Amino acid sequence: MIILRSSIWILWSDTLAPGNTVHPYSYTSMVTTCQELVLSSQLKTTPRIGPGRIAMQNRMLFKLFLLPIALLLGSIVSMFVLGNLLPSHFEAIPMFSKLSEQSLNSAPWVGALLLLGSIVFFWISFARLWNWQKGSAASCSECGGMVDQKLGRYGRYLHCLACGKNESI
């Protein structure tokens, strides 16, 4: 805000230069000055508006909640495979009857563990999203989306979940 006020003062003081016919406090002078300031002071972090922005936000949310969704689906699939599919195939073979029992006994535990992991990672992702929306988390310098901190070949960098850009730290 201080930069904006000082920029307005500089622009108004430029209109006071000798030979300038526009009065510095006229309505048209102030409107054009404010329009020029708004157009020149838009930062890269200003989010874009339109369908491209919505697609980027959907991409960001998909990447953010991919792990909890995968763990939830893994829980359902493991319950089906360990609880129904393997015991029914292995009951007929006497050598694998113990494997059938162990599979049947471990199915609820594996499913519950994957479901618990899904819930934990959902809450972590939700907290990250909430902090980003409040403005207390880092954001991309290009689009304003959420960023992940990663360690790569050349050191630490930030990877945007919305636009996919990388930025070194």
Side-chain angles (χ1 to χ4, degrees), residues 1-5 7 35 37-169:
M1 192 66 182
I2 295 170
I3 295 171
L4 186 64
R5 287 182 186 163
S7 300
Q35 286 174 348
L37 260 175
V38 167
L39 290 176
S40 67
S41 69
Q42 287 181 346
L43 302 174
K44 288 182 179 179
T45 58
T46 306
R48 294 185 309 190
I49 299 171
R53 177 67 182 160
I54 293 171
M56 285 175 36
Q57 189 173 14
N58 289 342
R59 177 182 175 193
M60 180 180 66
L61 290 174
F62 176 74
K63 283 183 170 183
L64 187 64
F65 289 104
L66 181 63
L67 182 60
I69 291 171
L71 287 175
L72 180 66
L73 292 177
S75 171
I76 295 168
V77 168
S78 71
M79 288 289 290
F80 174 72
V81 169
L82 293 175
N84 293 336
L85 199 60
L86 284 179
S88 65
H89 285 294
F90 287 148
E91 280 179 349
I93 305 170
M95 184 191 296
F96 293 128
S97 64
K98 291 286 185 185
L99 182 62
S100 172
E101 290 176 21
Q102 289 298 323
S103 172
L104 201 56
N105 291 340
S106 66
W109 292 103
V110 172
L113 186 65
L114 288 174
L115 183 64
L116 180 66
S118 174
I119 291 170
V120 167
F121 281 111
F122 172 78
W123 281 110
I124 290 171
S125 298
F126 181 75
R128 287 184 60 205
L129 181 65
W130 186 43
N131 284 333
W132 173 74
Q133 284 182 341
K134 285 191 326 184
S136 60
S139 61
C140 179
S141 62
E142 293 290 323
C143 69
M146 283 182 65
V147 291
D148 268 343
Q149 202 177 71
K150 294 188 175 185
L151 181 62
R153 182 173 168 180
Y154 301 109
R156 293 186 182 268
Y157 66 96
L158 298 175
H159 177 74
C160 180
L161 295 176
C163 67
K165 303 281 186 209
N166 294 327
E167 182 180 336
S168 63
I169 297 178

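On a predicted model such as this, the values are computed, not experimentally measured, just so you know.
For Asp148, the side chain to side chain donor-acceptor pair (under 3.5 Å) criterion is met by Arg128, not counting sequence neighbours. Applying the side-chain contact (heavy atoms from CB on, under 4.5 Å) criterion to Gln133, with sequence neighbours excluded, gives Leu129. Scored by the side-chain contact (heavy atoms from CB on, under 4.5 Å) test, Ala137 finds Asn131, Trp132 as partners (sequence neighbours excluded). Taking the side chain to side chain donor-acceptor pair (under 3.5 Å) definition, one finds that Asn166 meets it with His159, sequence neighbours left out. Residues satisfying the side-chain contact (heavy atoms from CB on, under 4.5 Å) criterion with Phe96, sequence neighbours excluded, are Phe90, Ile93, Leu99. Scored by the side-chain contact (heavy atoms from CB on, under 4.5 Å) test, Leu113 finds no partners at all (sequence neighbours excluded). For Tyr157, there are no ring pair (Phe, Tyr, Trp, His ring centres under 6.0 Å) partners, not counting sequence neighbours. Applying the side chain to side chain donor-acceptor pair (under 3.5 Å) criterion to Glu167, with sequence neighbours excluded, gives Ser141.
Sorted by first and then second residue, the salt bridge (Lys or Arg N to Asp or Glu O under 4.0 Å) pairs with a member in residues 90-110 form an empty list; sequence neighbours excluded. Applying the salt bridge (Lys or Arg N to Asp or Glu O under 4.0 Å) test to every pair with at least one member in residues 70-83, sequence neighbours left out, gives no pairs at all. Among residue pairs with one or both ends in residues 58-86, none qualify as salt bridge (Lys or Arg N to Asp or Glu O under 4.0 Å); sequence neighbours excluded.
Looking only at side-chain heavy atoms (C-beta outward), Arg156 and Gln149 come within less than 4.5 Å of each other.
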Cut-off 3.5 Å, no hydrogens considered: what does the side-chain donor-acceptor table look like for residues 75-88, sequence neighbours left out?
{"from": "Ser75", "atom 1": "OG", "to": "Gly111", "atom 2": "O", "distance (Å)": "2.9"}
{"from": "Ser78", "atom 1": "OG", "to": "Gly74", "atom 2": "O", "distance (Å)": "3.1"}
{"from": "Ser78", "atom 1": "OG", "to": "Ser75", "atom 2": "O", "distance (Å)": "3.0"}
{"from": "Ser88", "atom 1": "OG", "to": "Asn84", "atom 2": "O", "distance (Å)": "3.0"}
{"from": "Ser88", "atom 1": "OG", "to": "Leu85", "atom 2": "O", "distance (Å)": "2.9"}

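Expressed to the nearest 0.5 Å, how far CE of Met60 lies from SG of Cys160 amounts to 8.0 Å. Between Leu151 atom CG and Ile169 atom CD1 the span is 9.5 Å, to the nearest 0.5 Å. Considering CD of Gln57 and CE of Met146, their distance stands at 11.0 Å, rounded to 0.5 Å. If you take CG on Leu72 and CZ on Phe121, they are separated by 14.0 Å, rounding to the nearest 0.5 Å.
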